[in-house]
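Side chains are part of it too, since the values below use all heavy atoms of this structure and drop only hydrogens, waters and symmetry mates. Note that the numbering runs from 1 along the sequence shown for the chain.
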Amino acid sequence: MRGVNRGHWVIISCALTAGLLAAASPAAEAAPAQAPRYSPGAPGAGDPYFPDMGNGGYDVGHYDIRLAFDPGTQAISATTTILATATQDLSRFDLDFQGPLKISRLSVNGLNAAFTRSGAQELVITPPYGLRKGSPFVVSVTYAGVPQQIDDPALGLSGWVATKDGAVALNQPIGAATYYPVNDTTDDKATYTQTITVPAGLTVLANGEPGPTTTRDHQTTFRWSMNRPMSSELSMLAIGHYDVTRGVAAGGLPNITAIGQSIDTKPGQGKVFNQTTAQIIQWESSMYGPYPFDSTGGILADVGVDYALETQSRPVYDQSTSDVDGDLLAHELGHQWFGDSLTPVHWSDIWLNEGFATYSEWLYQEKFNHIPVQQTFAKTYADEKDWSGKVADPGRDHIFDDLVYNRGAMALQALRTKIGDRAFFEVLTQWPTAHRYDNVSTRQFIQFVERLTHRDLGSFFRTWLYQPGKPAL
């Protein structure tokens, strides 16, 4: 989040909307000393890897997604309401919105607003009057259709992915806009409510904590709330037939796990999955500091995307069986600190996600399988064949390469050797604590480590993060 509006937005209500309308209305404003100079918000957020993603001119505080899903047609009908604050005097602004979904109504502060769609994902909105810098405003978009997943040649499937019994939305890095209008950039975090209606018999899981579930006229409505700042690429929905297990982790933290019924064929796996998740959360909390969200869990499902994803508070593991892999859970749950609570400002810094999550696997192997981290490092160092890229700037098409994961983890182990165990484990605890819910960069990480250790580590980090080639040990 850019820092303009870090307060917690409550769920939309008539009173809140009325207050925002009054605050944003020209009649309610005191006469300005100087006439505002309204201008359009930028159509991109400035990420060099994804220049069309995100937008400028405002900061989102909250998304309220209300969506009904028809598994027979795979169609959705939805209204997404966005609470935001203008960061400049806005004449118009963009949201990201992809695919064939048709908009039937769009309003700003309750008044119909003009809109056009251009390029791959730009929804250009012109409100009926200019929005003053610092003023809150409400955007409501009603739309319907069949969402289309993204199949990027280098980055794989993302967005709204249809499954045999429903759908799963996995949005890293560019999928969120396939089913809701969004400021789709890593550095505009917001809170979320998701209210999803499906035919009775289906289950809906999402980020955060569940609200009341109601059934009427053979339709069931599920409610989920994520009350901590979340990047859009970490939002998630899962609709289908699931066996859900509820437990606790880390001193009473709600722990909600689920296994798709099509793969839940081994008795007792629901309990094993839930308890393993709790065990890893407890262990990682002892190293990384308090768990950053209000619930935890995970979803095992046959999605067909060939990856697991660290969706905030509730990772999704694409599997064809219900087997529980502790290494994989350690990776995705480690992301809850590194990638979810701390999120890179730009995608070039993704090693701050994946290097730490991979190192979480190595620590898990040492703790539970008695394989020393240094042994894993030595094997990875010996086996790595391609040393051509830069860890801290891998390039758009390589953000999910071994370059980021394995070499990122190797850089951390090399740092541990350089500064010693005591200082290194202080970094593992203090870095996510100091920047809780923030966006971070590689530069910030280097400065943080140098301040903590009182050492100039510029040469070390240049070698391991910014220079191609195999570092000498």
Within the side chain of R66, is there an N or O that forms a donor-acceptor pair under 3.5 Å with the backbone of I196? no

Test side chain to side chain donor-acceptor pair (under 3.5 Å) applied to K266 - qualifying residues, sequence neighbours left out: D323

Under a plain distance cut-off of 3.5 Å, with no hydrogens placed, do H370 and Q365 share a side-chain donor-acceptor pair? no

So, S295 versus E209: side-chain donor-acceptor pair below 3.5 Å or not? yes

F400 and L155: CA distance, side-chain angles, deciding distance, side-chain contact (heavy atoms from CB on, under 4.5 Å) verdict: CA-CA 7 Å; F400 299 137; L155 306 177; 4.0 Å; yes

D421: what forms a salt bridge (Lys or Arg N to Asp or Glu O under 4.0 Å) with it, not counting sequence neighbours? R416

Does a donor on one side chain and an acceptor on the other come within less than 3.5 Å for Q172 and E310? yes

Please tell me whether S320 and D302 have a donor and an acceptor in their side chains that are separated by less than 3.5 angstrom. no

First locate atom CD1 of I263, then atom OG1 of T321, and finally report the distance between them rounded to the nearest 0.5 Å. 6.5 Å

Without placing hydrogens or testing angles, list every side-chain donor-acceptor pair under 3.5 Å for residues 461-471, not counting sequence neighbours.
{"unit_1": "T463", "atom_1": "OG1", "unit_2": "S459", "atom_2": "O", "d": "3.0"}
{"unit_1": "K470", "atom_1": "NZ", "unit_2": "Y381", "atom_2": "O", "d": "3.4"}

Between T186 and T343, does any side-chain donor sit less than 3.5 Å from a side-chain acceptor? no

Does a side chain donor of either T185 or N183 reach within less than 3.5 Å of an acceptor in the other side chain? no

Would you mind listing every salt bridge (Lys or Arg N to Asp or Glu O under 4.0 Å) that reaches into residues 270-281, with sequence neighbours excluded? none

Mind checking salt bridge (Lys or Arg N to Asp or Glu O under 4.0 Å) for E384 and listing every partner two or more places apart, or none if nothing turns up? none

Does the E332 side chain pair with the main chain of L329, one donor and one acceptor, at a distance under 3.5 Å? no

With no hydrogens and no angle check, just 3.5 Å: does a side-chain donor-acceptor pair link H62 and T191? yes

For R223, which residues count as a salt bridge (Lys or Arg N to Asp or Glu O under 4.0 Å) partner, sequence neighbours excluded? none

dist I76:CD1 -> D70:CG (nearest 0.5 Å) comes out at 11.5 Å

D327 to N369 - nearest heavy-atom pair and separation: OD1-ND2, 4.2 Å

Please find the pair of heavy atoms, one from H346 and one from G46, that lie closest to each other, and give the distance. NE2-O, 3.8 Å

Atom CZ of R117 with >12 non-hydrogen neighbours under 6.0 angstrom: yes

Going by side chain to side chain contact (heavy atoms under 4.5 Å, CB included), name the residues that satisfy it together with P71, two or more places apart in sequence or in a different chain. F69, P199, L202

Test log, rule side-chain hydrogen bond (donor to acceptor under 3.5 Å, both in side chains), inputs H331 and E354: CA-CA 8 Å; H331 183 109; E354 302 301 347; 3.1 Å; yes

Q319 side, atom CD; D306 side, atom CG - distance, nearest 0.5 Å: 11.5 Å

Closest heavy-atom pair and its distance - P43, N55: O-OD1, 3.5 Å

Kindly indicate, with the supporting measurements, whether the criterion ring-ring contact (aromatic ring centres under 6.0 Å, His included) is fulfilled by W337 and Y291. CA-CA 7 Å; W337 287 264; Y291 179 75; 5.7 Å; yes

Between D393 and Y49, is there a side-chain donor-acceptor contact under 3.5 Å, judged purely by atom types and distance? yes

Sorted by chain and number, sequence neighbours left out, side chain to side chain contact (heavy atoms under 4.5 Å, CB included) with T417 holds for Q374, Q413

Rounded to the nearest 0.5 Å, how far apart are CG of L363 and CG of L428? 7.0 Å

F273 to A258 - nearest heavy-atom pair and separation: CE2-O, 3.5 Å

Pick out which of Y180, Y179, Y143 makes a ring-ring contact (aromatic ring centres under 6.0 Å, His included) with F97. Y143

Smallest heavy-atom separation, W224 atom then N207 atom, equals CB-O, 3.7 Å

With a 3.5 Å distance limit and no angle check, can you tell me whether D438 reaches the backbone of V440 through a side-chain donor-acceptor pair? no

How long is the straight-line distance from CG of L205 back to CZ of R314, given to the nearest 0.5 Å? 7.0 Å

Do the side-chain N and O atoms of D96 and Q121 include a donor-acceptor pair separated by under 3.5 angstrom? yes

Examine distances only and state if a side-chain atom of Q336 and a backbone atom of I281 form a donor-acceptor pair shorter than 3.5 Å. no

Assess whether side-chain contact (heavy atoms from CB on, under 4.5 Å) is satisfied between T80 and D64, documenting all intermediate values. CA-CA 6 Å; T80 293; D64 181 79; over 6 Å; no

If you measure only the distance, is there a donor-acceptor pair under 3.5 Å linking the side chains of T142 and T79? yes

Quick one: side chain to side chain contact (heavy atoms under 4.5 Å, CB included) partners of A75, sequence neighbours excluded? T73, V146

Parallel under 30°, tilted from 30 to 60°, perpendicular over 60°: which one fits the rings of Y364 and F368? tilted

S158 side, atom OG; I150 side, atom CD1 - distance, nearest 0.5 Å: 4.5 Å

Hydrogens and angles aside, do S235 and N171 bring a side-chain donor and acceptor to less than 3.5 Å of each other? yes

Is there a side-chain hydrogen bond (donor to acceptor under 3.5 Å, both in side chains) between N274 and T257? Walk through the geometry before answering. CA-CA 6 Å; N274 192 272; T257 54; 3.0 Å; yes

With sequence neighbours excluded, residues passing salt bridge (Lys or Arg N to Asp or Glu O under 4.0 Å) with D294: R228

Donor on one side chain, acceptor on other, S232 and D184, under 3.5 Å: yes

Whether D318 side chain and V303 backbone form a donor-acceptor pair below 3.5 Å: yes

Just do the side-chain hydrogen bond (donor to acceptor under 3.5 Å, both in side chains) check on T87 and D59 with the steps written out, would you? CA-CA 7 Å; T87 58; D59 177 63; over 6 Å; no

I'd like to know whether the aromatic ring centres of F137 and F93 sit less than 6.0 Å apart in this structure. yes

Let me check something: any side-chain donor-acceptor pairs from residues 239-251 under 3.5 Å, sequence neighbours excluded? List them with distances.
{"unit_1": "H241", "atom_1": "ND1", "unit_2": "G201", "atom_2": "O", "d": "3.4"}
{"unit_1": "D243", "atom_1": "OD1", "unit_2": "Q261", "atom_2": "NE2", "d": "3.2"}

Sequence neighbours excluded, the answer for side chain to side chain donor-acceptor pair (under 3.5 Å) partners of D152 is R396

When Y359, F356, F445 are each screened for ring-ring contact (aromatic ring centres under 6.0 Å, His included) with F338, the one that passes is F356

Under 3.5 Å, is there a donor-acceptor pair between the N255 and T277 side chains? no

